Amino acid sequence: MRKILIAEDDQKAGALLKTYLEKHQYEVILAPDGLTFQSEFSRFADQLSLVILDVMLPDTDGFVLCKEVRRRSNLPIIMLTAISDGADRIVGLELGADDYIAKPYDPRELLARIKSLLRRAGIDNQNVTRYYRFVGFTLDLLERTVTDSAGARVPLTGLDYQLLKYFVEHPGHILDRSVLCEQTRGRDAGPLDRSLDVQISKLRLRLNDDGKQPSLIKTVRGAGYVFSANVAVVPA
């Protein structure tokens with residue numbers, strides 16, 4: 001059963017969400033404050049499939065917890081915010097959150113977001129593939145990590161991981177910007193939205209791919225991007 005850790009100080013809202021998700025075959029751990037969340041995260045980190053963080057907590061805020069989770073793990077993170085201003089959402093995404101949803105929310109929408117994130121992360125399917133290997137790097141779908149030829153872990157954000165996973169699953173294919181945005185952010189990109197280009201530049205840097213003359217993630221002008229490495233698929 002997929003396990004979700006939720007930081008939510010509203011006991012009634014937390015209990016209702018727990019009941020709803022458990023009906024859909026998720027195991028839920030509730031944390032009413034930041035201290036409890038940190039304790040439960042340390043205890044169950046290697047068993048968790050996803051984390052949900054309320055921005056407003058009695059002893060800290062969701063941004064602090066998001067930064068802490070992302071420092072230690074590439075687990076998918078959804079932020080809950082009661083503020084309609086987009087500033088909180090931008091901060092959360094910049095700190096490594098994968099998605100956000102405004103309160104009050106329809107639990108069906110949150111469930112759909114959870115399923116979408118787990119699907120993109122490779123957690124919610126029965127794919128027997130565990131590793132993708134390319135030019136000295138190994139992407140581990142189970143651990144959601146990337147290591148180099150020396151076995152050192154490459155630091156990745158949640159968006160980095162989702163983007164790289166989609167690339168290695170489609171090597172040699174020209175991937176349209178809108179497709180990549182949908183796969184990594186769950187939405188299409190507007191004509192002036194350069195967030196994907198920034199994300200790809202960061203990913204190139206992490207993979208030691210020359211930004212001026214990239215050989216791994218190549219730009220196809222007017223068409224999108226192509227992952228040009230040979231990829232070996234290794235089963236679990």
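These numbers come from a predicted model, not from an experiment.
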Student check: side-chain heavy atoms of [X] and [Y] closer than 4.5 Å:
{"X": "Leu50", "Y": "Leu117", "value": "yes"}
{"X": "Leu164", "Y": "Val146", "value": "yes"}
{"X": "Phe227", "Y": "Leu175", "value": "no"}
{"X": "Ile4", "Y": "Ile52", "value": "yes"}
{"X": "Thr157", "Y": "Gln199", "value": "yes"}
{"X": "Tyr26", "Y": "Leu118", "value": "yes"}
{"X": "Thr147", "Y": "Val154", "value": "no"}
{"X": "Tyr20", "Y": "Arg108", "value": "yes"}

Give me the atom names and distance for the closest heavy-atom approach of [X] to [Y].
{"X": "Arg2", "Y": "His24", "value": "NH2-O, 3.7 Å"}
{"X": "Tyr166", "Y": "Val179", "value": "OH-CG1, 3.5 Å"}
{"X": "Glu8", "Y": "Leu57", "value": "N-CD2, 4.2 Å"}
{"X": "Gly158", "Y": "Arg70", "value": "N-NE, 3.5 Å"}
{"X": "Phe63", "Y": "Asp61", "value": "N-OD1, 2.8 Å"}
{"X": "Asp98", "Y": "Pro76", "value": "OD2-CA, 3.1 Å"}

Inset, instruction - With sequence neighbours left out, write down each residue that passes side-chain hydrogen bond (donor to acceptor under 3.5 Å, both in side chains) with Arg113, or none if nothing qualifies. - result: Asp99, Glu109
Legend entry - Worked verdict on Lys12 versus Asp10 for salt bridge (charged side-chain N to carboxylate O under 4.0 Å, His left out): CA-CA 6 Å; Lys12 183 178 180 180; Asp10 185 324; over 6 Å; no
Legend entry - Rounded distance (nearest 0.5 Å) linking atom CG of Leu80 with atom CG of Leu110: 6.5 Å
Would you check if the side chain of [X] reaches a backbone N or O of [Y] as a donor-acceptor pair within less than 3.5 Å?
{"X": "Ser73", "Y": "Leu75", "result": "yes"}
{"X": "Arg206", "Y": "Pro155", "result": "yes"}
{"X": "Lys3", "Y": "Gln47", "result": "no"}
{"X": "Thr19", "Y": "Ala15", "result": "yes"}

Using a strict threshold of under 4.0 Å (side-chain N to carboxylate O), is an ion pair present between [Y] and [X]?
{"X": "Lys103", "Y": "Asp54", "value": "yes"}
{"X": "Asp140", "Y": "Arg130", "value": "yes"}
{"X": "Asp160", "Y": "Lys165", "value": "no"}

Inset, instruction - Ignoring hydrogens and angles, state whether a donor on the side chain of Tyr225 or Asp197 is under 3.5 Å from an acceptor on the partner side chain. - result: yes
Transitively linked via ILVMFWY side-chain contacts under 4.5 Å: [X] with [Y]?
{"X": "Leu205", "Y": "Leu203", "result": "no"}
{"X": "Val226", "Y": "Leu163", "result": "no"}
{"X": "Leu196", "Y": "Val220", "result": "no"}
{"X": "Leu35", "Y": "Val64", "result": "no"}

For residues 38-46, dump all side-chain donor-acceptor pairs below 3.5 Å to protein atoms at least two apart in sequence or in another chain.
| residue | atom | partner | partner atom | Å |
| --- | --- | --- | --- | --- |
| Ser42 | OG | Gln38 | O | 3.0 |
| Ser42 | OG | Arg72 | NH2 | 3.3 |

Inset, instruction - Can you establish whether the number of heavy atoms outside Ile174 located under 6.0 Å from its atom CD1 is more than 12? - result: no
Inset, instruction - Inspect the surroundings of CG in Asn230 and state if more than 12 heavy atoms from other residues, nucleotides or ligands are less than 6.0 Å away. - result: no
Inset, instruction - Decide yes or no on side-chain contact (heavy atoms from CB on, under 4.5 Å) for Leu111 and Asp106, but give the supporting numbers first. - result: CA-CA 9 Å; Leu111 178 63; Asp106 186 327; over 6 Å; no
Legend entry - Phe37 and its side-chain contact (heavy atoms from CB on, under 4.5 Å) partner, picked from Thr60, Asp59, Val51: Val51
Inset, instruction - Would you please test Ile78 and Ile114 for side-chain contact (heavy atoms from CB on, under 4.5 Å) and show each step? - result: CA-CA 8 Å; Ile78 296 177; Ile114 290 171; 3.8 Å; yes
Inset, instruction - Begin from the C-alpha positions of Tyr132 and Phe137 and carry the test ring-ring contact (aromatic ring centres under 6.0 Å, His included) through to its verdict. - result: CA-CA 8 Å; Tyr132 287 96; Phe137 292 98; over 10 Å; no
Legend entry - CA sep, side-chain torsions, deciding dist, call: Leu180, Arg177, side-chain contact (heavy atoms from CB on, under 4.5 Å): CA-CA 5 Å; Leu180 291 171; Arg177 295 177 74 257; 5.7 Å; no
Under 3.5 Å, which donor-acceptor pairs do the side chains of residues 211-218 form with other protein atoms, sequence neighbours left out?
none

Inset, instruction - Go through the steps to decide whether Leu17 and Val28 satisfy the test side-chain contact (heavy atoms from CB on, under 4.5 Å), and finish with yes or no. - result: CA-CA 9 Å; Leu17 181 55; Val28 176; over 6 Å; no
